[in-house]
Amino acid sequence: MEQEKLALMGGGKTKTTPYGTGKRFGEEELKELSEALEQNTLFYHHGRKVKKFLQDFNEIYSVPYSVAVSSGTAAIHTALGAAGISVGDEVITSPITDQGTLIGILYQNAIPVFADLEADTYNMSPASIESKITSRTKAIVVVHLAGNACDMDPIMDIARRHGLKVIEDCAQSYLTYYKGRLAGTIGDFGCFSTNDFKHISTGDGGMVTVNSEDEELYLRTHAFADKNFRRFGTDVVVKDLHGLAPNYRMTELQGAVGIAQLKRLKWVCERRGRYGESISAGIRGIPGVLPHRVTDGSRSSFWFYMFRVDESALGVTRDEFSKALAAEGVPNQAGYIPRVMYLQPMFLKKEAYLGSRFPFDLSDIEYKAGDCPEAEKILETAVRLQVSEFFTEQDAEETARAIRKVALHYAAKAANP
Ligand SMILES: *Cc1c(COP(=O)(O)O)cnc(C)c1O
């Protein structure tokens with residue numbers, strides 16, 4: 001079989017047109033910001049912008065309550081704090097995630113325990129979660145990676161049977177549907193980020209949904225993000241301090257931009273969803289290439305697209321595949337985060353606080369290579385593509401064609417060495 005010559009070896013590039021670009025902020029954001037400044041206060045409790053932002057967010061998500069915070073990291077910490085996660089508790093989570101998932105666990109002096117992932121969705125496997133439960137386990141922080149939903153039915157079933165709280169990390173997964181329900185509304189809490197790299201941006205920021213009609217739980221969540229100030233219920237701020245809580249307040253400037261950004265959210269997620277589906281359709285059936293599988297019965301809003309390379313079938317290393325693809329005009333990353341979280345020095349040395357082993361020394365947990373073998377293999381064999389709401393159908397077609405060209409080249413070589 002005659003193969004097209006790879007660009008890496010002097011052949012023509014597949015992708016010669018530039019990827020689509022566009023502006024994320026415009027007149028709407030400017031109008032909201034200007035109104036926020038005219039209020040003469042930028043404090044969320046006195047102004048109207050954060051309140052309106054949350055009202056709109058609650059409506060989109062059909063949740064009774066949510067709390068605005070300063071980041072996605074803050075959102076997860078707030079959910080953990082409100083859920084009562086505390087010293088020595090174990091929290092099961094994913095080894096492939098942003099450190100923002102883990103920071104709140106450790107600040108609550110709880111112990112992160114890592115569950116292995118599914119080979120093709122890159123989300124936590126329910127069976128692995130269940131195998132990590134001990135008498136000290138108090139919560140599961142599921143990470144809906146890259147816009148793709150975790151398999152929530154079995155996870156919620158496990159949580160109910162073991163009496164565990166479920167916190168959904170939706171920082172990468174806006175308007176992600178799981179069996180008709182929105183990710184972030186299924187567990188006890190849903191946590192979102194509006195940092196500048198997510199589907200929508202307020203510079204930095206975050207939201208926590210409280211998926212319960214329990215008003216006291218909402219008030220506790222709200223207070224946890226505001227130094228444990230109780231600003232509702234009575235007409236004076238209750239200043240008695242019951243326990244430790246950080247200041248994670250969102251400002252009116254973020255709320256203002258957020259109001260305008262929410263209006264773009266559906267469009268952004270639909271565009272990204274369609275782009276990801278087009279890549280999958282374009283590379284399905286190519287030898288040695290495993291598409292990013294969307295969880296059964298769900299809809300992904302593709303924060304990124306990550307496929308895996310079968311190195312032995314193609315007779316090529318992932319890194320070489322990645323270089324060949326880049327040469328074709330398709331920017332990509334070999335892998336995602338540099339290593340699984342539990343192989344970061346903080347875990348290997350069990351040193352979260354300088355000069356201390358606390359809280360790790362409350363447990364006999366060991367973090368070591370091989371703990372989550374599939375997660376480790378994912379990072380060794382994945383190629384990550386950027387996704388943007390401004391990318392076009394042509395971008396998707398040409399990207400898929402480039403992946404096909406590279407894969408077919410190596411597959412033919414492997415068949416006729
Ligand atoms: C971005 C991100 C976070 C943290 O959000 P910040 O706003 O940056 O603090 C947490 N979890 C995941 C999966 C993320 O992608």
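As the structure lists them, so they are numbered: ligands from 1, and atoms in each ligand from 1.
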Name the closest protein heavy atom to atom 6 (P) of ligand 1, giving the residue it belongs to and the distance to 0.1 Å. Gly72 N, 3.4 Å

Taking 4.0 angstrom as the limit and counting only heavy atoms of Ser71, give me the atoms of ligand 1 inside it, by number and element. 7 (O), 9 (O)

Taking atom 2 (C) of ligand 1 as the reference point, the nearest protein heavy atom with its distance: Lys198 NZ, 2.8 Å

Would you check the N or O atoms of Asn195, main chain and side chain alike, for any that come under 3.5 Å of an N or O of ligand 1? yes

Between the side chains of Glu366 and Lys350, is the shortest nitrogen-to-carboxylate-oxygen separation below 4.0 Å, so that they form an ion pair? yes

Do Phe347 and Tyr342 have ring centroids that are under 6.0 Å from one another? no

Quick one: look at Ala171 and ligand 1, take heavy-atom pairs under 4.0 Å, and tell me if it's side chain, backbone, both or neither. side chain

Tell me if the aromatic rings of Tyr174 and Phe192 count as close, with their centers under 6.0 Å from one another. yes

Judged by heavy atoms only, the candidate from Leu145, Asp196, Asp98, Val143 nearest atom 3 (C) of ligand 1 is Asp98

N or O pair under 3.5 Å between Thr97 and ligand 1: no

At what distance is the nearest protein heavy atom to atom 9 (O) of ligand 1, and which residue and atom is it? Thr73 OG1, 2.5 Å

Top protein contact for atom 10 (C) of ligand 1, by heavy-atom distance: Asp169 OD2, 3.6 Å

Locate the shortest heavy-atom distance separating Tyr336 from Met306; write the atom from each residue and the value. CB-SD, 3.9 Å

Please confirm whether the ring centroid of Tyr122 lies under 6.0 Å from the ring centroid of His292. yes

Is the distance between the ring centroids of His45 and Phe232 under 6.0 Å? yes

Looking only at heavy atoms, what is the nearest atom pair of Val387 and Tyr305, with distance? CG2-N, 3.6 Å

For the 3.5 Å polar cut-off, considering only N or O atoms, please tell me whether Asp204 and ligand 1 meet it. no

For ligand 1, which atoms sit closer than 4.0 Å to a heavy atom of Thr101? 11 (N)

Using a strict cut-off of 4.0 Å, indicate which atoms of ligand 1 neighbour a heavy atom of Ser193. 5 (O), 6 (P), 7 (O)

Trp303, any N or O under 3.5 Å of ligand 1 N or O: no

Sort out for me which residue in Asp151, Asn148, Thr295 forms a side chain to side chain donor-acceptor pair (under 3.5 Å) with Tyr178. Asp151

Side-chain touch Asp116/Ser125, heavy atoms, less than 4.5 angstrom: no

